[in-house]
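This report concerns only the one structure given below.
Worth knowing before you read on, the calculation uses all heavy atoms, side chains too, and leaves out hydrogens, waters and symmetry mates. Quick note: residue numbers are just sequence positions, from 1. The structure displayed is predicted, hence computed values, not measured ones.
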Amino acid sequence: MLGAGSAAQNYVHTEAVQAALAKYKERKMPMPSKRRSVLVHSSVETYTPPDTSSASEDEGSLRRQGRITSTPFQSHSNAEPWLNRVIQGSSTSSSASSTSSHPGGKPAAASNLMAHIHNVETCICVFINTWQIMHPFCLAGVPVNSRVSSKIQQLLNTLKRPKRPPLKEFFVDDFEELLEVQQPDPNQPKPEGNQMNVLKGEPVSVVTNWPPSLLAALQRWGTTQPKAPCLTALDTTGKAVYTLTYGKLWSRSLKLAYTLLNKLTSRNEPLLKPGDRVALVFPNSDPVMFMVAFYGCLLAELIPVPIEVPLTRKDAGSQQVGFLLGSCGVTLALTTDACQKGLPKAQTGEVVTFKGWPRLIWFVIDGKHLAKPTKDWHPQLRDASAEIAYIEYKTSKEGSTVGITISHASMLAHCHALTQACGYSEAETLTNVLDFKRDAGLWHGVLTSVMNRMHVISIPYALMKVNPLSWIQKVCSYKARVAVVKSRDMHWSLLAQRDQRDVSLSSLRMLIVADGANPWSISSCDAFLNVFQSRGLRPEVICPCASSSEALTVAIRRPPELGGPPPGKAVLSMNCLSYGVIRVDTEEKLSVLTVQDVGQIMPGANVCVVKVDGTPYLCKADEVGEICVNSGATGMAYFGLVGITKNVFEAIPVTATGVPVSDQPFTRTGLLGFVGPDYLVFVVGKLDGLITVSGRRHNADDVVATALAVEPMKFVYRGRIAVFSVTVLHDDRIVLVAEQRPDASEEDSFQWMSRVLQAIDSIHQVGVYCLALVPANTLPKAPLGGIHISETKQRFLEGALHPCNVLMCPHTCVTNLPKPRQKQPDVGPASMIVGNLVAGKRIAQASGRDVTQLEDNDQARKFLYLADVLQWRAQTTPDHPLFLLLNSKGTVASTASCMQLHKRAERVAVALMEKGRLNVGDHVALVYPPGVDLIATFYGCLYAGCIPVTVRPPHAQSLTATLPTVRMIVEVSKSACILTTQVITKLLKSKEAAAAVDIKTWPTILDTDDMPKKKLANIFRPTSPDMLAYLDFSVSTTGILAGVKMSHAATSALCRSIKLQCELYPSRQIAICLDPYCGLGFALWCLCSVYSGHQSILVPPLELESNVSLWLSAVSQYKVRVTFCSYSVMEMCTKGLGTQTDMLRVINLSCVRTCMVVAEERPRIALTQSFSKLFKDLGLSARAVSTTFGCRVNVAICLQGTAGPDPTTVYVDMRALRHDRVRLVERGSPHSLPLMESGKILPGVKVIIAHTETKGPLGDSHLGEIWVSSPHNATGYYTVYGEEALHADHFTARLSFGDTQTIWARTGYLGFLRRTELTDASGERHDALYVVGSLDETLELRGMRYHPIDIETSVIRAHKSIAECAVFTWTNLLVVVVELEGSEQEALDLVALVTNVVLEEHYLIVGVVVIVDPGVIPINSRGEKQRMHLRDGFLADQLDPIYVAYNM
């Protein structure tokens, strides 16, 4: 805090911040929850002296006075006991500071929560035993309302606060979702003053015998006053180590100049010639050597480029400095012996080449390396000209480094102007605390001082760190007349001044405050005066000044004896300033900015203020603009950058009518300000720190100052706060990053963050998009210890900041989202069908080949039932092998010929009748691992007239997770008996099983391992093909268990359709790596071989876990032409085999004609393409890989097969898709999404696209629901929810107009049909079906329809450590769960990146970001994410997340 008892005019009264926070007392924010391991900070030095506190490059840790004590959070002792229990028992306690770490206010009890949730007009449903009817929110024994829920509850409370400013209503154009354009506020302040005139500075006085150049002055003093002291250097104890005299400076500079020009050669040529650029690399503690090097270069007519000493290869911004050196053509670097020894070395002993740097020769300029000039050598001392004298580097807001060229003439003119403005006289003593390499430290302490033969006491930065009072002690002991300091130096000395009683500042006539243009300099100046006035400091001595790298010194306050007017102070309305308008306000107001003047403009200069953007029109008197200077004492150009040089150094200000104000160009200073009364200049900000949010301008430094007023001592490590903006969704967003003290607790920090947000919200009327705390000492440092802003921003955007706390507030900040979509009224009868056209387009319908027309020698067609086909095959080709099962070693585990399968099926049928005493029509659950037993028992059931239900067996290692699903299917399917193996029988009856389900209620369990060899008296024959053949149960991705009924007719039709599409005959072999329990996987595994007679090589996907190349080896070994797999198998191969190319040499995939991925989702193009690319070298044809499509109502709608055109890919506009429209675009266009055709439509299948609501037919390339009609459609659900009537229309839907006779089944998937240019086998134009996604999975947000996979794809791209991602909605919040594949310290980096990418690409605000370990997102056997299971796990707090962030 500022010095004791200082009644300083603080920059923003801390009371203002207090008052602002008082308004928010009642608002609660949910606290993020964090795993304990993440709480262990990376180690930091626990204490270092108060160095580098700063907000940006060079500011100090100045804080507003007083403290803010209002606490918007209740203390956490009032947590209800049950909540404490929940939290203590949870592994993810949200803080290490206390076990009952309680997230904010009192948790709502379940009843309040329920009531509240109804207020939010949302109803929450959680599936318990997913197949039952949806339950209300909280069931006994299910603590769904745990910590997560109470936090989300608080979040909902937070969000009830209306957002500012209100969104304007406007129509969303048909295809372009327009972003909300900020309409100007009609009441916003506008400038009303007269247009300003160009301000003229006092004339430069004529001085007799003024030297013609700076070198002439050096020569004069070096030869006439050789003993006069020029520069005194101090060590870190404050002792004077060396005093450089003018004589020594002259002689050593001459030696260096001679050596550089004559003694350095390369291939017998001089290394340097006049005009070459040379790098000066000197530490802050060695001003003497720097001064010799600088003047030595000038004498040799070389151009010095002073830069910082690079300490490591990865210094912040070092690469950009290297770029500058390279573009300046620097080949030589001058340095000292000590500094050269400290630089990192390569193996050869030479200094390493830093990243991005050119190759440099390092030359040490200590005396022993310099040669004495010969008698006849004299430097040429020319008059000051327009040639370049030196180059000063400057780092821009974006982090790029530019070199500003200063000519000899402007260097001389600037020295002249400073001498006049500061009244410098010969032999005065000046204390310099600034960096002598650049800016005011160079101008006063190295250049102007030599002009006037002054004595400079240079205070090194290292000394200031140890003893902040050192500069005051030196002013006192050397009776210095002038001191050049920054606000931070004044501030630090205030903190340390109590120890010193005997210092006196009465000798000072000027205390030049170099950063007088900063918003906090006024409080430093006032507080400093307040304390040191009693020690001889006179008020008029304090002289703030304003400068910029481009225009050098712009203005400086003159003491009264030099004719300066009295100092000025302005209290300005912060709101008006954000519109660029100056309005004086009262100090009592909350949001005011108090600024001091920076004095009058320099002698001989002309100054005007111009508009910041566009043409440089003159501003009005009450308008803030950029200050521009025209004088002989400014920089000339950016070295080598012609374009921006013209813009900055050659601006021509014009009047409102467009008339230039002068024929001379002006230089833009980058300072924002205005001219006040008495022609005093006021600066209110810098262009570099300007953040424009929704058309209003804010200054980064002002925001830092507000944050520092919120009790910083407790939380912020040395006041180190950085503020910058990032562009998200076409507007600047404010990001605030602060270093957290090592001892700050989780809750304290979170409270501090919340209060900073509220303070900035009140005072600046702007929202902070992201607030991050990082461990102490981890932000990149600028040369003098400040924070390197552009590097910090770079790390933030790359996800490399590693914060330990993050708070995102997109809900309040982002006000330019497109207007939520209003659904248009339904289409009226006017667009009714005309022939086959809808709205001028062909109706979107397509069909596979006509089965009745296909003449083929299909013997199996004679049989209506599969059981008959098996018997016929057993008689006619008894030894023909049908199945071959491989184990993980790739050897054959078991086989079955037609006869063997028939015999085993008979035995099963006997056992069912005799042991199981089952009747015809009873349901039987088959619980088997993938293999021949499963197939044999399936046909055994058909032989006995029972209805088989295949069920995936429980996993012995995770019974609690897998057994309930088995139990549920057995129960829902009303199975009268379970057939299984001995091992699984034991498992079902084990103690572990009893913990998961009630094992007493299992139906009869028969193990089929040793069945009697009995012949079946008679095989059951169904009375009609429409009788039920089997039940197919599957858990959908939305967590719903749905069983469908397959009749005998449908089963045979399915097999025939697949046989025709894939050209399957007894002589064929196919390889199947799929789960055999439901859908097309089951049909291929159990049904097709028996029907078509081909041999199936069965590869259980689980075996790939121990041998990932098993499937591809089998395909290669058996020379298989047709193979089927799932996405999870393909992913395992891509990830697992990508690196193991050597073990794959034996595999040859050139035999494969088609490799089909069995799926019930949109084709995953990225995966299929990377699989194709990866295995191309093993002979896999680029055309081989394709996908299939099926769903619950019809398990096989599309399947590429062996004939027909290759699958096509189209690119659609993702934004149009959200509006349920298809808009085809070119590949690579913005927002484009590639969609691949899902294989060819199977023979006998008809597809049409229908409107999801009106159920009318749609046109070609229109998005709608895919409806299907085919002989192998399922006949209905088997008690999906117990209410079949609800779902009758899934199987018996009719179009609302057009062909209203055909009965269709609704697939529940969105897609479109598109007629292509290709021709299919029959010579017709080919119709391609594109599946977009499941309707059940879609998220309705802001009136638009989103497919989770699109959001997830964006998120996975956001950071290299995101392994997987899943999204779902909870109430009206979008929840994003990401799996972190990396160190836990990266967890919090992801929060902002995830939020940014979803905003940018999908115009959605993420409500909650959950970061979890790899493998937490549940995935089913088809490789589909189970998002609803994940949602239930999240709400029940079972995910053990690394971090949960609640975006405000």
Side-chain angles (χ1 to χ4, degrees), residues 201-207 210-218 221 230-231 291 294 384 389-390 392 404 406-456 458 480-486 508-517 541-559 561-564 598-607 627 629-635 667 669 671 681:
E202 67 206 70
V204 179
S205 54
V206 179
V207 181
W210 185 255
S213 72
L214 191 55
L215 292 176
L218 173 61
W221 304 130
C230 166
L231 175 71
M291 207 158 178
F294 191 88
Y390 70 95
E392 180 170 312
I404 293 157
I406 285 95
S407 68
H408 285 274
S410 48
M411 181 166 74
L412 182 70
H414 189 223
C415 289
H416 195 162
L418 279 179
T419 302
Q420 183 174 330
C422 302
Y424 285 142
S425 57
E426 266 185 50
E428 269 194 309
T429 306
L430 174 148
T431 310
N432 178 26
V433 191
L434 308 186
D435 180 2
F436 50 75
K437 294 191 282 295
R438 51 199 302 259
D439 216 69
L442 177 70
W443 307 330
H444 290 269
V446 176
L447 306 178
T448 311
S449 60
V450 168
M451 196 54 123
N452 295 294
R453 193 172 66 80
M454 292 162 66
H455 179 196
V456 176
S458 188
R481 307 274 289 135
V482 182
V484 190
V485 299
K486 283 196 169 174
L508 279 182
R509 64 176 185 80
M510 275 188 99
L511 175 57
I512 298 172
V513 184
D515 60 346
V541 164
I542 295 179
C543 298
C545 76
S547 62
S548 83
S549 305
E550 288 82 1
L552 311 189
T553 309
V554 176
I556 186 165
R557 196 187 284 175
R558 322 280 205 275
E561 67 265 22
L562 293 176
V598 288
Q600 295 162 300
I601 64 173
M602 297 297 284
N606 297 320
V607 165
I627 298 172
V629 177
N630 153 248
S631 85
T634 62
T667 298
T669 62
L671 298 174
V681 177

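Across Pro211 and Ala216, no two heavy atoms sit closer than the pair CB-CB, 4.2 Å. When every heavy atom of Ala517 is checked against every heavy atom of Ala546, the shortest pair comes out as CB-CB, 4.3 Å. In terms of heavy-atom proximity, Lys486 sits nearest to Ala514 at CG-CB, 4.4 Å. For Ser547 against Asp439, the heavy-atom pair with the smallest separation is OG-OD2, 3.8 Å. In this structure, Ile406 and Gly635 approach most closely via the heavy-atom pair CG1-CA, 4.2 Å. Closest non-hydrogen pair, Thr553 versus Trp443, comes out as OG1-CE3, 3.5 Å.
In this structure the side chain of Leu430 reaches within 4.5 angstrom of the side chain of Tyr424, judged on heavy atoms. With a 4.5 Å cut-off on side-chain heavy atoms, Met291 and Cys230 count as touching. Leu418 places a side-chain heavy atom less than 4.5 Å from the side chain of His444. Between Phe294 and Lys437, every side-chain heavy-atom pair lies at or beyond the 4.5 Å cut-off. Side-chain contact between Met510 and Val484: absent, with no pair of heavy atoms (C-beta onward) separated by less than 4.5 Å.
Taken from CG in Leu215 to NE2 in His408, the straight-line distance is 7.0 Å, to the nearest 0.5 Å. Summarising the geometry, atom SG belonging to Cys415 is positioned 7.0 Å from atom CH2 belonging to Trp210; distances are rounded to the nearest 0.5 Å. Atom OH of residue Tyr390 and atom CZ of residue Arg438 lie 10.5 Å apart, to the nearest 0.5 angstrom. How far CE of Met411 is from CG of Leu552: 11.0 Å, rounded to the nearest 0.5 Å. In this structure, the separation between CG on Leu447 and CZ on Phe436 is 13.0 Å, given to the nearest 0.5 Å. To the nearest 0.5 Å, the span separating CE on Met602 from SG on Cys545 amounts to 8.5 Å.
Side-chain contact annotation: Ser410 with Ser407, donor-acceptor N/O pair under 3.5 Å present.
Screening residues 407-427 for salt bridge (Lys or Arg N to Asp or Glu O under 4.0 Å) gives Glu426-Arg453 as the qualifying pairs, with residues at least two apart or on separate chains.
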side-chain contact (heavy atoms from CB on, under 4.5 Å) assessment of Met451 paired with Leu214 | CA-CA 6 Å; Met451 196 54 123; Leu214 191 55; 4.0 Å; yes

- [ ] Check the pair Arg509, Glu561 against salt bridge (Lys or Arg N to Asp or Glu O under 4.0 Å), reporting the backbone distance first and the verdict last.
- [x] CA-CA 10 Å; Arg509 64 176 185 80; Glu561 67 265 22; 5.1 Å; no

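Of the listed residues (Thr667, Ile601, Val554, Val598), just one forms a side-chain contact (heavy atoms from CB on, under 4.5 Å) with Ile627, and that residue is Val554.
In this structure, Arg558 contributes its side chain and Gln600 its backbone to a donor-acceptor pair below 3.5 Å. Remark: the backbone N or O of Thr669 is paired with a side-chain donor or acceptor of Ser548 at under 3.5 angstrom.
By the side chain to side chain contact (heavy atoms under 4.5 Å, CB included) test, Val204 pairs with His416, Gln420, Pro603, sequence neighbours left out.
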